[in-house]
Amino acid sequence: MQWSLSTILVIFVAILALTSGLALPKNQIFVGHSVLRINVDSQIHVKALRALESVHGILADFWLSPKKLPGTAHIRVTPENRDKIVQVLNEAGMKHEIMVDDLQSLVNKEAESLAKRRIFNAGDLPTAITTNEYHNITEIHAYLDSVGKQYGYQVASIGKSYSNQFDLKYIKIGKNPNATREAFINGCIHAREWLGCATMIYIINELTTKPDQYNDLLQNLNIYVMPVLNPDGYDYTWKQDRMWRKTRSGPRQGCYGVDPNRNWDFKWGVAGSSSNPCSETYDGPSPNSEIEVQHITKFLGDHKSTIVSYFDIHTYSEDFMFPYGYAEVYPADRTKIQSVASTAVQAVNAVNNEQFVSGSITDIVYPASGSSIDYTKGKLNIDYSYAMELRPDGNAFNGFVLPEDQIVDGATECWAGVQVAFRAAMNDMDATG
Ligand SMILES: *[C@@H]1O[C@H](CO)[C@@H](O)[C@H](O)[C@H]1NC(C)=O
Ligand SMILES: *[C@@H]1O[C@H](CO)[C@@H](O)[C@H](O)[C@H]1NC(C)=O
Ligand SMILES: [Zn+2]
């Protein structure tokens with residue numbers, strides 16, 4: 001049976017009304033949660049899923065939003081809602097399968113592996129870091145301090161997180177005190193995207209342990225690396241809820257957090273964000289409401305005459321994206337930055353034969369406003385502003401819970417692409433800044 005969009009929406013909303021929040025102990029919150037993989041074949045399907053996303057509250061958590069048609073979506077559903085959602089998907093003619101049957105078992109397996117990691121302690125030498133394991137915020141910051149001390153690089157904080165517990169810490173890597181050009185890269189603006197922060201560790205390790213290989217970058221750029229832009233959220237994923245995405249401000253209407261990648265003050269709230277504080281894509285009570293976003297925009301703004309490239313690293317879906325996301329609008333230098341993006345993607349895919357694609361945010365996914373790179377491009381004029389979505393792609397089943405034995409492969413792919421853009425920015429005498 002072909003259902004109309006309005007019928008599907010009515011059913012979704014009816015199901016939502018039946019849902020209630022559950023308070024479970026932290027180590028058990030994903031028992032019976034499953035992740036569905038859904039084929040998205042028509043505009044009606046897209047609209048139905050997007051409606052589900054915008055009103056979902058606690059019902060369904062989008063791991064992967066559909067890309068352009070035909071596409072794939074991944075949604076996490078609670079055991080209470082699974083049957084109802086499956087029924088609606090069936091009736092709407094949306095093909096789907098259960099990708100993860102019991103998320104708790106995936107998370108438990110990861111926790112066992114984390115328990116065996118080599119902890120990086122304050123005072124350890126940089127060589128003690130394990131790039132093939134995940135590390136918590138304390139370890140990551142201890143590693144930055146250690147590298148800074150060992151190699152004489154500046155390590156500093158641009159301010160505290162909302163909880164006031166954690167610094168937004170970076171390391172500034174470069175060998176030429178007279179370098180007039182800078183680059184900035186961060187991971188984990190979204191807390192659960194652990195490969196992003198792990199990749200920053202990998203990059204710092206590369207730049208510091210193989211200086212000959214990166215001499216041109218080190219001579220021509222100061223490279224700021226901030227492993228964790230959302231430390232409150234990241235810490236929360238380690239302690240309470242592995243699937244946390246947002247900041248930890250609030251509560252507002254009983255829900256915590258703002259999507260810090262919808263909160264930047266350029267075309268805020270225009271598209272692809274939610275005004276519902278319980279949504280995973282809540283754009284906040286006002287633009288730039290989040291203290292973490294305030295700190296980073298201040299820092300980047302203060303350095304905008306020297307920073308020629310900015311990277312925001314996410315997971316997952318294997319994309320290399322340039323602005324804009326707020327609408328199907330392109331920057332004036334589209335030709336230049338698009339060509340660098342496609343060269344970068346070739347470098348990424350050459351590493352392990354993955355299938356990353358490049359394009360503007362709206363070329364690749366549906367519109368989303370208030371994002372980091374829309375701001376760095378639209379407000380700060382940082383020419384080479386890019387966002388990447390790292391491994392895995394939509395065919396894998398583990399999504400954010402990427403096994404540790406894939407960290408180095410994923411990080412190597414990312415770094416291959418980033419280097420292409422950094423070198424382009426470094427060699428482009430017209431680049432701004
Ligand atoms: C990170 O892990 C280490 C080792 O277990 C622990 O001492 C430290 O308190 C953890 N950091 C946080 C913020 O919990
Ligand atoms: C940096 O500039 C100073 C002053 O112009 C100069 O003496 C120095 O050699 C330069 N350093 C490098 C590494 O180029
Ligand atoms: Zn993200």
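These values consider heavy atoms only, across backbone and side chains, with no hydrogens, waters or symmetry-generated copies. These figures come from a predicted structure and were not determined experimentally. Counting starts at 1 for both ligands and their atoms, following the listed order.
For His314, the N, O or S atom closest to the Zn ion (ligand 3) goes by the atom name ND1. Within His190, ND1 is the N, O or S atom that lies nearest to the Zn ion (ligand 3).
Cation-pi geometry between Lys377 and Tyr386 is not satisfied (NZ or CZ under 6.0 Å from the ring centre, within 45° of the ring normal). With a 6.0 Å cutoff to the six-membered ring centre and a 45° limit on the axis angle, Arg248 counts as a cation-pi contact of Trp244. For the pair Arg37 and Phe397, the NZ or CZ position fails the cation-pi test of under 6.0 Å to the six-membered ring centre and within 45 degrees of the ring normal.
Taking the side chain as every heavy atom from C-beta outward, Ser34 and Leu103 never approach each other to under 4.5 Å. Considering only heavy atoms from C-beta on, Leu300 comes within 4.5 Å of Tyr310 through its side chain.
Ranking protein heavy atoms by distance to atom 2 (O) of ligand 1, first place goes to Asn136 ND2, 2.3 Å. Protein heavy atom at the shortest distance from atom 12 (C) of ligand 1 is Thr138 OG1, 3.3 Å.
Against a heavy-atom cut-off of under 4.0 Å, Arg117 is close to the following atoms of ligand 1: 2 (O). Distances below 4.0 Å separate heavy atoms of Asp235 from the following atoms of ligand 1: 13 (C). Near Ile137, meaning under 4.0 Å from any of its heavy atoms, are these atoms of ligand 1: 13 (C). Listed by number with element, the atoms of ligand 1 under 4.0 angstrom from any heavy atom of Ile119 are 4 (C), 5 (O). Interface atoms of ligand 1 facing Lys239, defined by a heavy-atom separation under 4.0 Å, are 12 (C), 13 (C), 14 (O).
More than 12 heavy atoms of other residues, nucleotides or ligands lie within 6.0 Å of NZ in Lys68, so this atom counts as buried by the packing criterion.
Ligand 1 does not have His135 within reach: every non-hydrogen atom of the residue lies 4.0 Å or more from it.
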Exercise for review: Check the pair Tyr256 / Lys246 against side chain to side chain contact (heavy atoms under 4.5 Å, CB included), numbers first and verdict last.
Suggested key: CA-CA 8 Å; Tyr256 286 87; Lys246 300 190 284 182; over 6 Å; no
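Side chain to side chain, Thr237 and Arg192 fail the donor-acceptor criterion of an N or O pair below 3.5 Å.
Atom 7 (O) of ligand 1 is never approached by the protein to below 4.0 angstrom, counting heavy atoms only.
Among the atoms of Glu193, an N, O or S atom is found under 2.8 Å from the Zn ion (ligand 3).
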